[in-house]
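Inspection log for the structure reproduced underneath, given as C-alpha cells.
Below, read A as the first sequence line, B as the second, and so on, with proteins coming before strands; counting in each chain starts at 1.
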Amino acid sequence: MFVYILKRVLATIPVMVIVAIFVFLLLRLTPGDPAAILAGDAATPAQLERIRDSLGLNDPLLTQFMTWMGQLARGDLGTSLLSNTSVAGMVGARLGPTINIALMTIVISVLLAVPMGVIAAWRHRTWVDFLVMSFSVLGFSVPVFVIGYILIQIFAIDLRWVPVQGYKAPSEGFGAFFSRAILPSLTLATIYIALIARMTRASMLEVLGEDYIRTARAKGVRENVVLFRHALRNAAVPILTIIGTGFALLISGVVVTESVFNIPGIGRLTVDAILARDYPVIQAMILLTAGIYVMVNLLVDISYSFFDPRIRY
Amino acid sequence: MEFKSKDFSDAKRVLKLRKLSVGLTGRPDADPVLNEIDLDIRAGETHCLVGESGSGKSVTSLAVMGLLPKDALEIQGGLIELEGAEITNAKPAQMRELRARRIAMIFQEPMTALNPVLRVGEQIEEVLNMHTDMSRAEAKKRTIDMMEQVHLPDVERIYSAFPHQLSGGQRQRIMIAMALILDPDLLIADEPTTALDVTTQLQILKLISEMQERHGTAVLFITHDMGVVAEIADTVSVMQKGRIVERASIRDLLTHPKEEYTRTLLAAVPNLAPRPARAAAGAGDVIKVEGLEMTYGGTGFFRKSAGVKAAQDVNFSIAPGRTLGIVGESGSGKSTVARCVMRLIDPTGGAVTVAGKEIAQLSRRQLQPHRKHFQIVFQDPYRSLNPRWTVARSLCEGPINFGTSKADAMAHAAELLELVNLPRDALDRYPHQFSGGQRQRLAIARAVAMKPDLLVADEAVSALDVSVQAQVLDLLDDVQDRFGIAMLFITHDLRVAAQICDEVLVMQKGLVVEHGPAGEVLANPSHDYTRNLIEAAPGRHWDFANFRALDTTRAPQGAIS
C-alpha cells in the first residue's frame with residue numbers, strides 16, 4: 001500500500017513538469033513580443049526593454065526555462081504586472097474562500113445527492129425515482145447565475161435570512177461564515193447534486209441486481225441495511241470518481257458564482273487577471289488548477305481501496 | 001448403487017405448497033411461470049427439484065422465500081404453508097423475521113453470493129445481529145463455532161478474510177454457515193454445487209447432509225444434475241414449463257420413470273463409460289504440442305518474482321478426425337493450454353505446430369494468416385457472440401477477412417446454418433433471439449465457417465442443460481466426421497469427456513498427470529488424482545439413460561452397453 005502511494009505520488013511529478021513547460025511556453029509562444037503584450041499598447045521602447053530585461057527574455061530559451069523552474073521550485077510564482085505584488089501571495093490570499101466554499105458545496109452535494117440516488121434506485125421506476133431524475137435534469141439545465149439570483153431573491157431579499165453578498169472566513173466566527181457561504185454553496189451544489197445523484201442511482205441499480213443483495217435479503221436483513229451497508233459500499237467507486245472530479249472542477253470553475261456573490265476567491269482573481277492580461281497570475285492559476293486536479297485524482301484513487309478490499313496495490 | 005430409502009411419512013411437515021401459481025406482475029392472463037404446483041417436504045427429508053433451465057425451479061424457491069422480484073413476478077394463486085402456518089401473503093416485515101430463522105437459502109454462485117466488501121465473519125454475524133439480541137462477544141463466539149462446524153480451516157483467520165481471499169468451496173461453506181446458524185426448519189439450496197469442482201462438490205454435499213442430520217433440517221435442493229440427485233435425494237419432483245410433471249421417491253424415479261419428459265431428461269444424462277476410440281481420418285498430426293509452458297507474472301518493474309506456472313511441460317498431438325480431451329479442476333491449467341494453442345496468450349516456452357507451422361513463437365503479424373487453421377468455441381454462448389451483430393455478419397466476418405467474397409461467404413453461412421440445424425432465416429436475426437443451445441450452435445457454425453483444421457472447444461457444453469448438451473455434442477461429432485477436423489476439448493466434466501473424447505489428458509496444478517486413450521484413463525486410471533476425480537463424480541454407478549446400475553467392473557471396450 002505504502003509503495004503504491006509512493007509510486008503514485010512520484011508519478012505526479014512528470015505530469016506537473018509537463019504542465020509547467022506548457023505554462024512557460026504559453027507566454028513565450030504567444031505571437032508577437034511578450035514584452036509588448038505585457039506592456040500594452042502605450043509602451044515606450046525603453047519600457048519594453050526594461051520588461052524584457054526583467055523577464056530575462058534576452059536570454060536563450062533554455063536558460064529562461066531553467067531560471068523559471070528554479071523560481072517555481074522555491075515557490076516564487078513571479079510578480080503581478082497589475083498590482084506589482086507577489087503572485088504567490090495574491091493566490092494564497094484568494095485560495096481560502098474558494099476552498100472553503102468548494103468544501104461546503106461538496107459536503108452539501110454528497111449529503112443530499114447520495115441518499116437521493118440510493119432511494120431513487122431502491123424505488124426504481126416509481127414517482128420517487130421520477131422526482132429525483134426530474135430534479136437532476138433541472139439541475140443540469142438551469143444556468144448557475146440564474147439559480148444564484150433566485151436564491152438571493154428568496155433567502156436574502158424576501159426572507160432576509162442571510163446577507164446578499166460577501167464573505168467572512170470561518171475564523172471570524174462560524175455563523176458569519178455559514179450565513180454568507182450557504183447560498184453560493186447551494187448554488188454551486190445544484191449541478192453536483194444532479195450529477196452525483198444520477199451516478200449514485202445508476203451505480204446502485206447495478207449493484208442491487210447482484211447476487212449478494214439477494215443473499216442479504218435472504219438472511220432477513222432490513223432494507224435500510226441492505227441499501228447502505230451492503231449495496232452502497234459496492235457502488236462507491238464510480239460515485240467517488242464523480243465526487244473527486246466534481247471537487248477539482250469546483251475549485252477552478254467558481255468564476256460565475258464568485259462574481260454573483262462577490263466573494264474574493266480565485267475565480268474572480270482569474271477573471272481579473274485574464275481581463276488585464278496579467279500573465280504571471282494566469283500562469284500561476286493554470287499551475288494551481290493542474291496541481292489540484294492531480295492531487296484530487298490521487299486521493300480518489302487511494303480512497304478506492306478503503307471502500308473495496310479487492311483493490312489492493 | 002445405494003439410494004436413500006428412509007420413510008418420512010411420520011415426520012413433521014415443514015413446507016406445504018398447494019396449487020401455487022406465480023405469474024407476471026399485473027398480468028394474470030399471461031402464461032403462468034409456476035402453474036398450480038404442489039409440494040411437501042418433511043423434517044429431515046431432502047427433496048430435489050429437477051428440470052431444465054426456465055422450468056421454474058428457482059422461481060419456486062424465491063416464492064417460498066418471499067423474494068420474488070416484485071415488479072416482475074407475483075403470486076397469483078395457491079398457498080404456501082410453513083409448519084402449518086400460512087405465509088402466502090405474509091407482510092415484508094413478517095417474512096424478514098422468518099428468513100434465516102425458519103427458512104434459509106444458499107445459492108449457486110459462491111463467487112457472487114457473498115458481499116465482496118464485507119469480511120465473511122461479519123456477514124455470518126449479521127444474521128445474529130438481525131435476529132437475536134446477542135452481545136457482540138457472544139455473536140462472535142457463535143459465529144466462530146459455526147465456522148468450525150462447517151469444517152473451515154484456520155477459523156480465526158478466515159473470520160476476518162474477504163470473500164475474494166477464499167476458494168469457491170470455502171465460500172460455499174461460509175454460505176452454509178450463514179444459512180444454518182439459526183438452525184432453520186427449512187434449507188433451500190439452489191444449485192449450490194454447480195459452480196464447484198467435483199471434488200469440492202462432493203465435500204459440500206457431504207457437509208449439507210451432515211448438517212441436515214445433526215439438526216433435522218428439511219432440505220429443498222434445486223439442481224439440474226441427475227448425478228447429484230441420485231446421491232442425495234429422498235424424493236424428487238420433476239419440473240417442466242412451470243408444472244411439476246412427476247413426483248416420486250428417488251429409486252422409483254430412476255428405475256421406473258412414468259412420464260415421457262422424465263425419461264428424455266434421464267436419457268440425456270451422459271454416463272461415465274467412455275466411447276470406443278475412433279481411427280484417425282487422415283495421416284499425420286494436425287497439431288503437435290511440445291514442452292508447452294506458460295508462466296504468468298514473474299517480471300515486475302520493481303521486483304522479480306517466480307511467477308505462477310500455469311502450465312508446464314505439456315506434450316500432445318491430435319490426428320485429423322480425433323478428439324483429445326483435457327480434463328482437470330479449476331486452476332489445473334487446462335484453459336491456459338487452450339489459450340496458448342489458440343495464441344490468445346503467448347506461451348512462455350515450448351512449441352505448438354498447427355497444420356505444419358510452428359506458431360508459438362510467431363509475432364502477431366506473422367501469425368495472422370495462420371489463424372484460419374484453428375478456431376475456438378467458448379463456454380458462454382451469451383457472451384461470445386456480438387449482441388449488436390446479425391448472425392450473418394458474425395458468420396461472414398472471418399471468411400471475408402481471409403479474402404472470401406461477400407456473396408460466397410453469405411452462401412456458405414446459409415449452408416452452415418443448415419448444418420447446425422438452424423433455419424436459414426436465422427441469418428438476419430440477432431443472438432438474443434436464440435436460446436442458449438442455439439447460440440452455441442451459432443458459435444460452432446462461426447468457428448467452422450473458417451474451415452479450420454483444429455477446433456478448440458473450451459468448456460463448450462458446460463453452460464447448457466443436459467438434453468441440449470447431448471445435442472451439441474452430437475453436432476460437434478457430426479461436424480468432425482464431415483470435415484475431419486481435429487478437436488481439442490477442454491472440460492471439467494468427466495461424463496462429457498467420456499462421451500466425446502478418443503484420448504484424455506488429465507491436468508493438475510499445471511502438470512499433466514495422466515495421458516492416454518479415454519477408455520484406459522477413465523476405466524483404469526493410474527494416477528491418484530484421476531481416481532479421485534472419477535470417484536467424486538456423483539451418481540457414477542448409475543446408468544441413467546437405461547434406468548439401471550452401471551456395470552463399472554467390465555472392461556473399457558464394453559463401453560456403451
Please name the pair of heavy atoms, one in [X] and one in [Y], separated by the smallest distance, quoted to 0.1 Å.
X	Y	answer
Pro116(B)	Pro309(A)	O-CG, 3.3 Å
Ala218(A)	Met105(B)	CB-CB, 4.4 Å
Asn115(B)	Arg229(A)	ND2-O, 4.5 Å
Ala113(B)	Thr215(A)	O-OG1, 2.7 Å

Heavy-atom count around [X] [atom1] within 6.0 Å, excluding the residue itself: above 12?
X	atom1	value
Asp133(B)	CG	no
Phe130(A)	CZ	no
Phe307(A)	CZ	no
Met69(A)	CE	yes
Phe22(A)	CZ	no

Salt-bridge present (Glu223(A), Arg96(B); N to O < 4.0 Å): no
Side-chain (His131(B)) to main-chain (Lys219(A)) donor-acceptor, under 3.5 angstrom: yes
Donor-acceptor under 3.5 Å (Arg99(B) side chain, Arg217(A) main chain): yes
Is [X] in contact with chain A via its backbone, its side chain, both, or neither, using a 4.5 Å heavy-atom distance?
X	answer
Leu182(B)	neither
Leu114(B)	backbone
Met175(B)	side chain

Please identify, among [options], the residue contributing the most non-hydrogen atom pairs under 4.5 Å to chain A.
options	result
Met95(B), Met65(B), Glu97(B), Glu126(B)	Glu126(B)
Glu109(B), Gln123(B), Gln165(B)	Gln123(B)
Leu118(B), Asp71(B), Leu98(B), Ile106(B)	Leu118(B)

Heavy-atom contacts under 4.5 Å, residues 230-244 of chain A to chain B: His230(A), Arg233(A), Asn234(A)
Side chain to side chain, Arg310(A) and Phe162(B), heavy atoms closer than 4.5 Å: no
pair Val225(A)-Met130(B): side-chain heavy atoms closer than 4.5 Å: yes
Engaged part of Val207(A) at the chain B interface, taking heavy atoms whose separation is under 4.5 Å: neither
